[in-house]
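See below for the structure under consideration.
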Amino acid sequence: LVTPIQLLGVYAALANGGTIYQPRVVKEIRSVEGQILKMSTPKVLKKVKIDPAVLTTVRLSLWKVVNRYGTGVKSYIEGIDICGKTGTAQVADVPYDEKEKEKVPFKLRPHSWFVSFAPYNNPRIALLVLVENGGEGSKNAAPTAKKIYEEYFKDFKRNKEMIVKYRIPYWEKRYKPRKDISALTVLAEPPPPEKKSQPGSKKETSSPPVTITTKEVKSQIDVRPKID
């Protein structure tokens, strides 16, 4: 089990690179005249070591959930690059279909979750929305999060230069999976370069492309990732 504040802390750590802070309720205390009497300073609980490659993979996957037709598309805001994940937490062993939700008593409907951070580059905020008995996370929590982000970034959106500054790297947006095959194995590294043959020696060639065999495909093809 996990509480909303715990899960939010995890996503904040994904956003900032692995630092977990103690949650705070009060940012500052002011007098009636507006003078700051006391400031609440962030307290680091611990720092988690995360492999940079793993962190990039997770962050990019969360970005795709919102910006590439994932379950979080209803939180999408152009120019903000929100990264997040929806959740549907079952509260009872009862079949649930969003289209026929009226057949399920309200108290037996699943909880709707959406946890996220934004922007992808240089994140400024982490946000969690939990709608108790709200159904699927994509239907209720994600749209609610969008409204909060729109209010938080209303000035940010008007500044086009800032939007460009915080946009996701160009090559990551351009990557598209191959559609001409039903299954593929991606090479982690390109094949070794072809060695030049020496006089009197047998000619050596680079490794052949990966063999892919499925019910639909059985052929020799090069499956290295390509940028369209």
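Residue indices begin at 1 and follow the sequence shown.
Residue Asp81 holds its CG atom at 10.5 Å from CZ of Arg59, rounded to the nearest 0.5 Å. Within the model, atoms CD1 of Ile148 and CD1 of Ile125 stand 8.0 Å from one another, a figure rounded to the nearest 0.5 Å. If you take CD on Glu100 and NZ on Lys103, they are separated by 3.5 Å, rounding to the nearest 0.5 Å. Considering CG of Asn67 and OH of Tyr120, their distance stands at 11.0 Å, rounded to 0.5 Å. Ser75 OG to Tyr149 OH: the interatomic distance, rounded to the nearest 0.5 Å, is 7.5 Å. Here the CZ-CG distance, from Phe114 to Leu127, works out to 7.5 Å after rounding to the nearest 0.5 Å.
Here the closest non-hydrogen pair linking Lys85 and Tyr11 is CB-OH, 3.5 Å. When all heavy atoms of Gly84 and Ser116 are compared, the closest pair comes out as CA-CB, 3.7 Å. Across Asp51 and Ala53, no two heavy atoms sit closer than the pair OD1-N, 2.8 Å. For Leu130 against Pro4, the heavy-atom pair with the smallest separation is CD2-CG, 3.9 Å. Minimum interatomic distance between Gly137 and Ser112 (heavy atoms only, all atoms of both residues): CA-OG, 3.1 Å. Pro119 approaches Arg124 most closely through the heavy-atom pair CD-N, 3.7 Å.
Each side chain to side chain donor-acceptor pair (under 3.5 Å) pair with one or both residues in residues 13-28, not counting sequence neighbours, appears once here: Glu28-Arg30. Residue pairs meeting the side chain to side chain donor-acceptor pair (under 3.5 Å) criterion with at least one partner in residues 34-46, sequence neighbours excluded, do not occur; the list is empty.
Side-chain contact check for Lys101 versus Phe106: every heavy-atom pair is 4.5 Å or farther apart. Using a 4.5 Å heavy-atom threshold, the side chains of Val48 and Ile20 count as touching. The side-chain heavy atoms of Glu136 and Thr86, taken from C-beta on, include no pair separated by under 4.5 Å. Looking only at side-chain heavy atoms (C-beta outward), Ile77 and Phe153 stay at 4.5 Å or farther from each other. You'll find the side chain of Lys47 reaches within 4.5 Å of the side chain of Val44, heavy atoms only.
Clustering ILVMFWY residues whenever any of their side-chain heavy atoms sit less than 4.5 angstrom apart, transitively, puts Val65 in a cluster other than the one holding Val58. Val54 and Trp63 sit in two unconnected hydrophobic clusters of ILVMFWY residues. Membership requires side-chain heavy atoms under 4.5 Å apart, directly or through other members. Cluster annotation: Ile50 and Leu7 are assigned to the same hydrophobic cluster (Ile/Leu/Val/Met/Phe/Trp/Tyr, side-chain heavy-atom contacts under 4.5 Å, transitive). Under the 4.5 Å side-chain heavy-atom criterion for Ile, Leu, Val, Met, Phe, Trp and Tyr, Val115 and Phe117 are members of the same hydrophobic cluster. The same ILVMFWY cluster, assembled from side-chain heavy atoms under 4.5 Å apart, contains both Leu14 and Leu8.
Residues that satisfy the side-chain hydrogen bond (donor to acceptor under 3.5 Å, both in side chains) test with Gln6, not counting sequence neighbours, are Thr3.
Between Lys154 and Glu151 there is a salt bridge, since at least one side-chain N of the basic residue sits less than 4.0 Å from a carboxylate O of the acidic one.
Cation-pi geometry between Arg109 and Tyr96 is not met at under 6.0 angstrom from the ring centre and within 45 degrees of the axis.
Remark: side-chain polar atoms of His111 are paired, donor with acceptor, to backbone N or O of Asn133 under 3.5 angstrom.
Exactly one residue among Val131, Thr88, Leu128 makes a side chain to side chain contact (heavy atoms under 4.5 Å, CB included) with Trp113. That residue is Leu128.
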